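Below you'll find the structure, written out as structure tokens, and then a few comments.
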Amino acid sequence: MTDSDELPLSLVLFSGTEDKLQAAAVLTAGAAALGRPVHIFLQYWALEAFRTGHIDDRRPLSPEAGEFGEQAVEGMRAAGQLTWSQTLVQAKEIGEVDIQACSLSMDLLRMSAEDLDPIVDGIEGVAAFYVNAGDGQIVFI
Amino acid sequence: MTVTNEPTTDYAAQLDARGLNCPMPIVKTAQAIKTIESGQLLEVLATDPGSVADFAAWSRSTGNEIVTSGEQDGVYRFVLRRK
């Protein structure tokens with residue numbers, strides 16, 4: 001299934017906050033640049049961030065960001081930093097990045113396949129996620 | 001004919017990643033290295049302070065060689081040879 005002999009990196013995205021999505025996108029792009037396959041599993045509020053037509057929406061930051069964090073993120077944006085979704089698109093261009101929606105979270109959020117942004121490759125359950133993760137690391141964000 | 005002060009080294013491609021934040025220098029490099037042939041050279045300029053560690057790790061992981069690595073006035077310069 002994979003054309004790389006590197007162990008995959010599996011990221012479970014749970015948070016729909018802008019800063020955690022950005023951090024996850026940076027980790028994804030870095031792994032892709034090193035030739036590591038990346039599997040992303042979208043759960044809960046992270047899945048909501050991948051809703052069709054809303055992937056470019058501004059999202060709240062994590063509570064610990066505070067006012068300083070808001071200003072810092074705004075500064076990066078003003079300096080032309082790519083958004084998290086743009087970073088994921090770049091990661092997909094250079095490497096093997098597979099993005100799957102958690103089927104339980106789809107039910108929770110009353111989403112169907114048409115509600116998923118095209119950057120999402122498919123829908124799977126937790127068993128498929130674990131099998132695809134194999135012996136590689138799993139990170140929860 | 002044009003006379004320039006360009007170095008005599010022949011780069012198959014050059015990448016200006018100055019001003020780009022992590023991970024974009026390494027992402028753009030991964031893209032650029034695919035545009036050249038095995039054995040050819042890619043020159044990269046970057047200002048991200050993580051570049052030195054990142055390019056070393058990228059080289060170890062991908063097998064592409066760092067021919068030259070240096071820093072001047074806050075600009076990091078790498079010459080990479082495609083595996």
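Reminder, nothing fancy here: chain letters follow the sequence lines and each chain counts from 1. Keep in mind it's a predicted model, so treat the numbers as computed, not measured.
Within the model, atoms CG of A:Leu82 and CG of B:Asn21 stand 9.0 Å from one another, a figure rounded to the nearest 0.5 Å. Atoms CE and CD, from B:Met24 and A:Gln81 in turn, are 8.0 Å apart once rounded to the nearest 0.5 Å. Of the inter-residue distances, the one linking B:Ser61 atom OG with A:Glu6 atom CD reads 4.5 Å to the nearest 0.5 angstrom.
Atom CZ of A:Phe129 sits in a crowded spot, with more than 12 heavy atoms from other residues, nucleotides or ligands closer than 6.0 Å. Crowding of A:Glu64 atom CD: a count of heavy atoms from other residues, nucleotides or ligands under 6.0 Å exceeding 12.
Proximity to chain B (any heavy atom under 4.5 Å) is shown, for A:Leu27, by neither the backbone nor the side chain.
Residues B:Ile36 and B:Val67 are members of separate hydrophobic clusters, defined by side-chain heavy-atom contacts under 4.5 angstrom among Ile, Leu, Val, Met, Phe, Trp and Tyr. In the hydrophobic clustering of this structure, B:Phe78 does not group with B:Leu45; members are Ile, Leu, Val, Met, Phe, Trp, Tyr whose side-chain heavy atoms approach within less than 4.5 Å, directly or through other members. When hydrophobic clusters are built by joining Ile, Leu, Val, Met, Phe, Trp and Tyr residues whose side-chain heavy atoms come closer than 4.5 Å, directly or via intermediates, A:Val139 is grouped together with A:Tyr44. In the hydrophobic clustering of ILVMFWY residues, with side-chain heavy atoms under 4.5 Å counting as a link, A:Leu13 and A:Tyr130 come out together.
No other option in B:Pro23, B:Ala57, B:Gly19, B:Cys22 has as many heavy-atom pairs under 4.5 Å with chain A as B:Pro23.
The two atoms that bring B:Lys34 and A:Glu93 nearest to each other are NZ-O, 4.5 Å, heavy atoms only. Nearest heavy-atom pair across A:Ile94 and B:Ala30 is CD1-CB, 4.2 Å.
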